[in-house]
Number of protein chains: 2
Amino acid sequence: MKILDIGEVAAQSGVPPSTLRYYEEQGLIAPIGRKGLRRQYGPQTLLRLTLISMGKAAGFSLPEIVRMLGADGRPDLPRDELHARADDLGRQIRRLQLLQDTLRHVADCPAPSHLDCPSFQKLMRQAERTAARGGKHATR
Amino acid sequence: MKILDIGEVAAQSGVPPSTLRYYEEQGLIAPIGRKGLRRQYGPQTLLRLTLISMGKAAGFSLPEIVRMLGADGRPDLPRDELHARADDLGRQIRRLQLLQDTLRHVADCPAPSHLDCPSFQKLMRQAERTAARGGKHATR
DNA sequence: GCTTGACCTCAAGTTGGCTTGAATTCGCAG
DNA sequence: CTGCGAATTCAAGCCAACTTGAGGTCAAGC
């Protein structure tokens, strides 16, 4: 149960073969070797795919993810860059929580217009504060 | 300070005019009226733009956001759909937290290979559990 | 009353992230 | 061996979300 071919990786990860090949092209993953033409993957690939999917969910681009995970096995970014990314994520998480609260609020609040509702207004004030429509990560 | 033209909205929100017009086309926002040809926006538009940007950050598509926010002012989705979205967000938030922890871990952990590090492994086990390589939201 | 600059429309172009298809190549069960 | 199903490459296509450009309009300051 150590070596997987592309079909097995696809089955276990839910990521289609075409995408796996594409990810390889982009430097996100690499097979451990080939048997004839066929790619052979080690199990760490599944881990990497999990991380990649989390990174995408966080809104990072594939190139950004490459840099965070490293071409080899380990990150390409200096410690503090990684912490900076983590800090970004923290802000991002707070925004999502706010959106979550807002969704629950509009689901439940009976006020005719939310613009009148004090608790909605409070959410919006917080939202504005976190707005930080941030520049993307420095590419250099 | 009640009515804004497109340039002011752009300046205050950081969203370029071209995007504002595009959002209008997609039913995400609407001007309160026109002066001649020029769009005139009310201040609630800024609020809506904040919500839209949060929705995008959460990975919702523009059509999904339209349904969550409603074409008019209020949501188009039934209470329980909204709660379902909020639940999705909760899962999403947990994944981001996990990624955040992972980033901090790889930034700080001195282990030669993270595959050996027990705390890394713990993170990865959690990650697999939340993997929930989810189908997108039901469109119906 | 003219100029000017911010706005308008509409069509076409761009980018990222994949998918699809045609034409092969191969490993392995029978 | 033979055959077949799963993999391969490579180019082209697709979709969402915008951006750009050409050509036109208009309100406001001088």
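Naming: A, B, ... by sequence-line order, numbering from 1 per chain.
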Taking only the side-chain nitrogens and oxygens of B/Y23, find out if one of them lies under 4.0 Å from OP1 or OP2 of D/dA17. no
What's the CG-P distance between B/L20 and C/dC7, to the nearest Å? 11 Å
Please state whether the rings of B/H105 and B/H114 are parallel, tilted or perpendicular, taking 30° and 60° as the class boundaries. perpendicular
Heavy atoms only, 4.0 Å cut-off, all strands: where does B/T19 land among base, sugar-phosphate and nothing? sugar-phosphate
Are A/K122 and A/D101 ion-paired here, with the side-chain N under 4.0 Å from a carboxylate O? no
To the side chain of A/D5, which of D/dA7, C/dT25, C/dG17 is closest? D/dA7
Are any side-chain N or O atoms of A/E8 and backbone N or O atoms of A/D5, one a donor and one an acceptor, separated by less than 3.5 Å? yes
Given atom OH of B/Y22 and atom P of D/dA17, what is their separation to the nearest angstrom? 5 Å
Looking at B/E24 and B/R39, is there a salt bridge between them, counting it only when a charged N and a carboxylate O are closer than 4.0 Å? yes
Rounded to whole angstroms, how far apart are OH on A/Y41 and P on D/dA7? 10 Å
On DNA chain D, check which nucleotide each of B/G36 and B/K56 is closest to and give me the residue with the more 5' one. B/K56
B/E25 has an atom CD; how far is it from atom C1' of C/dC8, in whole Å? 13 Å
I need the CD-P distance between A/Q26 and C/dG17, as an integer number of Å. 8 Å
Would you indicate what A/P17 reaches in the nucleic acid, counting non-hydrogen atoms under 4.0 angstrom: base, sugar-phosphate, or nothing? nothing
Ranking C/dC18, D/dA17, C/dT9 by distance to the side chain of B/L62, first place goes to D/dA17
With DNA chain C as reference, determine whether A/K35 or B/E8 sits nearer its 5' end, using the nearest nucleotide of each. B/E8
For the pair made of CD in B/Q40 and C1' in C/dA6, what is the distance, rounded to whole Å? 12 Å
Need one value for A/P31: base, sugar-phosphate or nothing, where a base atom within 4.0 Å counts as base even if backbone is also close, heavy atoms only. nothing
What's the CG-C1' distance between B/L37 and D/dA28, to the nearest Å? 16 Å
For C/dC8 and B/R39 - does any side-chain N or O of the residue sit under 4.0 Å from the phosphate oxygens OP1/OP2? yes
Check the distance between C/dT19's C1' and A/R21's CZ and give it to me in whole angstrom. 11 Å
Carboxylate-amine/guanidinium proximity below 4.0 Å for B/R21 and B/E25: no
Does the base of D/dA27 carry an N or O that pairs as donor and acceptor with the side chain of B/R38 under 3.5 Å? no
